[in-house]
Every structure is written in C-alpha cells, then in structure tokens.
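The block underneath contains the structure these notes are about, expressed in structure tokens.
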Protein chains: 2
Amino acid sequence: MSGRHSGRPTLEQVAARAGVGRGTVSRVINGSPRVSEQAREAVERAIEELGYVPNQAARTLAGSRTDAVALVIPETEARLFAEPYFLDIIRGISAELGESDKQLLLTLVRSERERARFEQYLAAQRVDGVLLASVHADDPLPERVRELGLPVVLNGRRTADEPAAYVDSDNAGAGRAAVAHLAGRGRRRIATITGPLDMYVARARLDGYREGVAAAGLGVDELLVGTGDFTEEGGRRAMRELLDRAPDLDAVFAASDVMAAGARGVLREAGRRVPEDVALVGVDDSAVARLMDPPLTSVRQPIEEMGRTMARMLLRELAGAGEATADVRDAHQVLPTELVVRDSS
Amino acid sequence: MSGRHSGRPTLEQVAARAGVGRGTVSRVINGSPRVSEQAREAVERAIEELGYVPNQAARTLAGSRTDAVALVIPETEARLFAEPYFLDIIRGISAELGESDKQLLLTLVRSERERARFEQYLAAQRVDGVLLASVHADDPLPERVRELGLPVVLNGRRTADEPAAYVDSDNAGAGRAAVAHLAGRGRRRIATITGPLDMYVARARLDGYREGVAAAGLGVDELLVGTGDFTEEGGRRAMRELLDRAPDLDAVFAASDVMAAGARGVLREAGRRVPEDVALVGVDDSAVARLMDPPLTSVRQPIEEMGRTMARMLLRELAGAGEATADVRDAHQVLPTELVVRDSS
DNA sequence: GAACGGCGTGGGAGCGCTCCCATGATCCGT
DNA sequence: ACGGATCATGGGAGCGCTCCCACGCCGTTC
C-alpha cells in the first residue's frame, strides 16, 4: 500500500510540514503567546492542510487534563422528579460546557455496585470535575469525590449548611410566593402537600409555606400539612388525608406539579371544583402544569439556568486551578423562582 | 498528609509488588487466559492492596480503544418530542452500557458550529462508536461518522430504506392499532393529526392510520387528515381545522400525546365531550397521557428498550471488530408497540 | 564593545499503558 | 533419553502528546 500515510496525522507530521519543531506546534495548539506570527501561520496552514486533530488520549496522558466532566444522576431520583427536570439541567450544563470545549460524561447511578464503579472511573482520571444532581441528605459521594482531588458542584443541597459547592433554587421563596398568592385571592384555609421530608428541598418548601402562612396572618395549622413523596400517587394519598382531616380547606400548595396532578384527581372525585372550591398551586411549571385541566398555577424554577450555573462554577474552579478557592460565598448559589399564574388559583 | 503523594499507583508498581513483570499484570487486567493461577492471585492481591486503577488515557493511547461511546441528540428535536422520551432512551442506553464498562458521552448538538466541533471530537479518537437520536430525513451525520471509521446506530430511520443500522418502533403498527381500537368501539369518522411529514416517523404513523382505516372498511377520507408538528400548539391548530373541515368526526388519532393534549383543549372549547362525542388516542404513553382528563388512551413505545437495543447493537459491532458485519438484518430492529387503553376512547 | 536579559525555538524525557517478541520452563511423542 | 511443541513470562518499543531545559539570536545597558 501507499506509504505510511495510514492513520491520522500526528503533531510531529504537522511540525515537519510547517518546518518547525514539535514544541512550536504544541504552543500554537495551546494558544501560547510565545510564538512568532510567522511560525503560527505556518503551523495553522499545515494543520489545515493535513486535517490534523490532536489525539486526546495523548494529551491527557502527557498533560493530565482530560477536558471532560461527569454529570452523575442517581437513578432512583430520576423517576421521582418531574422528568423534564433532568433534561433541562443537562441542557443547561451542555450549553455552558459547549462554549469551553469540554465534554459531558453522563452517568446514571442505579445501584451501590454502579456507584463503586463510578468511583473507579473517577480514580482512572477520566474527568476533571464532577456535577452531582439531586443528592440525598446522607450522600457521602461529594466527600468521596473531593478526596480524589476533584472539584464537585451539587444541584441542590443536602442540608441547610451544605459545605460543598452547590446551585439551588429558592425553595423557601417558592413556598412563600405560592401562599402569598393564594392568600391574596382570599383563601384562608391553605393546605400543603410536601415532598419526602428527608430531602432538604422538601423541607425548604414546607418552611416557605409556613412562613407564608404566618406572613398572611393565618396561623399555621398542622392539620393542613400533608406529607407526599413527589409522586402522583403520593399526591393522591396526601390529598385524601387532607380532605379527611381538614374538609374546610380552600387551597392547596403542592410541592411539585406531579403531586398537584394527583391531588387534582382526588379533588375531582370528591366533587370539589378547581379553582372555585379549592385553589391549587404546584411547583416546577412543567408540561404537566400547562396541560392540566384547568391549567395549573405553578412556581417555576430556572432549571436550565441552574444547569448553566453549575457548569460555570465548575469551570471556574477548574480554571482557577490553584487551591485558593476565592470565596465560599461564590460556591453557594441560590436562584430565584417565579410564580406562573394560571386558572387553577 | 503533606509530602508528595506519589500519585496513583501504576501498573509498574503493581508488578513490582506482585513480584511479576508488567506484561503479566497487563494480562491479568485484561483477562487473558495465559496467566498461571498463582501469578493471577498475586497480581490481584497487589491491585487490591495498592488500590490500583488503570489509567484510561494510557490504555487508549497504547491500545487505541477508548471504552466510550457518544450519544448525539440534536437540540432542535429535543424540544419537539415528548421530553421524557430522551430520558428514557438515555436510561436504556446507560443500563446496557453499564454492564460492559463503557462510558456514555452525551452531546447535544444545537448548531452547525457545534456539529462541526462534534466531528472534530470523533476525529480526536474520543469514542469507539456513535448513537444518534432522532435524525432528520436529510441528515448526513451518519455517513460522516462512518467515514471516520466508527460504527453508528440510529434511533429511528431517515427513510423507509435506511442504510445505516437503526432501532425503530413499529410506527405503522401503532397507527393501525389505534384505528382498529377506535373502529372496534364503533367509531366511523376517525380523523388523525400527524407529525411533520418530513419526518419518517410521522409518515409511518400516517401510513398505519390509512391501513387501519382501510382494514376497518371505512374508506380513507383526506378531509380527516390534519397535519401537526408534534407540539401542543400544532395539535390545537390541526384540531381546529379538522373540526372545520369534518365536523362529523367522532374520533381522533393524534400521532403524539402532546398533540392529543392540544386537541383535547380545542375539543373542550368546542363543546365536544371526550370520549362521548369524540374518542381520542395518542402515542407515547407519557406522563401527559396519564394525567390528562380523562386519562388518554395511548400507544406505548418501548422507549427504554429501544435505548438498550441501540446500545446492544453498537456493542456487538464493537466486539465483532472484524469488518464482517454478520447480517444486515440484525442491523435493522423494529420493536413492537402496545395500545394502552384509558378513558378517552 | 562586552555583558546581559528576553524571546522564540527545538527536541529530550517522560506520561502509563499495550503489543509483541524472545526467553526459559515444562511437557509431549518416539 | 532427546528434539520439538507448548506455555507462562519479562521487558523493549512505542502510542502522541506536554513539559521543560538549553540554545541561539536579538536589542539593551553600562
């Protein structure tokens, strides 16, 4: 066959063609300023002509930077949350990463075994940093990642005083806004359906609800607090219990759209009209909310923006390389939510 | 501790500790049979004790296998399709990949520019193969990937005689099943709302609809065919037109749940009851279908299974290494759909 | 005019692994 | 008992890149 022209061109071949040394080509590729204009042009031309693309494995091996970050999604959660959530997160992350030439390694963690394997991957130097979606209260993963010397950013926090870097939305604010809205429409017996209370996000929304009730001068009634689990069925169950315990309720703040959908079904079966008899507000502003009948008032989280912010934080830390983490405050971002009013309230 | 963390252990150190040569350690790691039981045990012990994890970059560089595959999702599509779709696809792929120690590189392609960049990545030897979600009719990407010498598997086909390997669901079957069901319930004027007709999936469902109508001995009436675009708004628009053109229709087969949801709203506004006046069937069996009022009858696609199958096909081709693609038939998988009957029909 | 500092440059020395070949030990048949 | 297979084994030779040091060459400076 014809010569050794098999395989892709290497940096060495580019150097030869451009009439310079390997070092110079490397400098051009990596945007070093210490290259003469002339040499740079020659190299760029050679790269163009040869269709050269640097071999990533070689770069990583020699330089120990991988140009990839991992996004970890615990599979169990993936089913609970309104599903579009993760897609939006991914979209935001991907958009931000795209601008910096980084790759996204997606890992769904289903079991302990897969988790262990994931830690292996981290140790295998496959990524420069880790993004973690929806961590549970007692999840040790963030610490494990740090021990491996990798920066990590969480989506949501595990506790109020989360030590790791995170991006969260203003969950308490969401609860307050929902209740204020309902109270503003004259509702006095406002109930809530919470998420699972071992998750910080659920607690925070409940706290916001309580603050909102107090702020409206209504006095908190624990009979009006029903516990759900972010699923439709959980929403049904909680709604039934609430109707039992507090048949005089005239509004419900459900901590997720999906639970609101479940609750809506129970209300219909109970002959309560929405919004005439019972006003309903959800959280997420998902497709479900728009398509419900009547369309559901919901507190929107800026999900895609959360993804972007996570990626941005991680990239900043990667760039800042030096251990000197500028300011812890930067590492804790809480994004605002927004009430979207529709016909259910 | 301070001090120079001598970094992670290398294969060489494992060899030293186990009292064998590098080659032997490498053989153990790669599961070669040509290793004595004794040596194997010694090496495994050393790996355990040192917490050794092979450096991926080095393996790739030396062996030119990357242990990663890319999943490409055109961003434009991501909005059109019922969103959970992609998450399910990802879930299936991830599950299958997890069992074979491969990593998933997720790439959302938003623009021509990002597409070009993606091709660069492929050329940079970052992945062993490519999975492509929802390709458009004229998408040249599959061919580009092949030119780079990488195997590719599509989700859905571009045309009826797609040359590339693909996994699709039985879209025509979905249309037939929906119509048969509606006809079975005594509906005679069955309309359809299609997807965008430049997509094969939309055409196939329409074909199935026509076949179903013919099979029921109803005679196809083009007035009953409305064109949508897989969005809720498109569904509304098509439904309005249908009501205009064929006010006597008594059933609608919408080619997606989301369009069905849009249509349902228009029907309500028009004072038509579902299912009494007009029966409604969608496709996807998504959360939207379950949460609609009344809950929507829908044709379910085995989305997660499609993901699994895609991954399996790609892995098989990667394993088969040799160019001898066994049988083209294996490369074209069409999975069955299933009608889920609810109250809307 | 000699000494000096800076800058662009070339290329050696690895990074940690797989591939593969040569080696010595073991086993077989005759 | 001996030549020839068979087998586990060690280790050299890269894979393609980045890092970094040493080398000229230039313009300054005193």
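These numbers were taken from a predicted model, which means no experiment stands behind them. Reminder, nothing fancy here: chain letters follow the sequence lines and each chain counts from 1.
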Quiz item: Given D:dA8, C:dC20, C:dT18, which nucleotide is nearest the side-chain atoms of B:S36?
Solution: D:dA8
Self-check item: Ion pair check, B:R312 and B:E305, cut-off under 4.0 Å
Solution: yes
Self-check item: Atom-pair distance (CG on B:L61; C1' on D:dG14), nearest Å
Solution: 9 Å
Exercise. Please report, rounded to the nearest Å, how far the P atom of D:dG14 is from the CG atom of A:N55.
Key: 18 Å
Quiz item: Does any N or O donor sit under 3.5 Å from an N or O acceptor when you compare the side chain of A:R8 with the base of D:dG16?
Solution: no
Quiz item: Choosing from D:dT9, D:dT18, C:dT18, which nucleotide comes nearest the side chain of A:A62?
Solution: D:dT18
Quiz prompt | N or O in side chain of A:S26 less than 4.0 angstrom from D:dT18 OP1/OP2 | solution = yes
Practice problem: May I have the distance from B:R126 (atom CZ) to D:dG16 (atom C1'), rounded to whole angstrom? | Solution: 15 Å
Quiz item: Taking atom C1' of D:dG11 as reference, at what distance in whole Å does atom CG of B:L11 sit?
Solution: 12 Å
Practice problem: Quick one: label B:A39 by what it contacts on the DNA or RNA (base, sugar-phosphate, nothing), any heavy atom closer than 4.0 Å. | Solution: sugar-phosphate
Quiz item: Of the nucleotides D:dG11, C:dT9, D:dC19, which has the atom closest to the B:R27 side chain?
Solution: D:dG11
Exercise. Rounded off to whole Å, could you give me the CD1-to-C1' distance for the B:I29 and C:dT18 pair?
Key: 11 Å
Self-check item: A:E48 side chain to A:E44 backbone, donor-acceptor under 3.5 Å
Solution: no
Quiz prompt | Salt bridge A:E317-A:R146, side-chain N to carboxylate O under 4.0 Å | solution = yes
Exercise. Counting heavy atoms from C-beta on, name the nucleotide in C:dA13, C:dC17, D:dG10 closest to the side chain of A:R22.
Key: C:dA13
Exercise. Hey, which sits more toward the 5' end of DNA chain D by its nearest nucleotide, B:P33 or A:Y52?
Key: B:P33
Exercise. Using only heavy-atom distances, determine whether the side chains of A:R126 and A:Y121 contain a donor-acceptor pair under 3.5 Å.
Key: no
Quiz item: Is any side-chain N or O of B:R59 closer than 4.0 Å to OP1 or OP2 of C:dC15?
Solution: no
Quiz prompt | Contact nearer the 5' end of DNA chain D, comparing B:A58 with B:G21 | solution = B:G21
Exercise. May I have the distance from B:Q38 (atom CD) to D:dA8 (atom P), rounded to whole angstrom?
Key: 13 Å
Quiz prompt | Euclidean distance, atom CD of residue B:E41 to atom C1' of D:dA8 [Å, nearest integer] | solution = 15 Å
Quiz item: Can a salt bridge be assigned to the pair A:E96 and A:R316 using a cut-off of 4.0 Å between side-chain N and carboxylate O?
Solution: no
Quiz item: Between C:dT9 atom P and A:R34 atom CZ, what is the distance in whole Å?
Solution: 11 Å
Quiz item: NA contact type, B:R40, heavy-atom cut-off 4.0 Å: base, sugar-phosphate, or nothing?
Solution: nothing
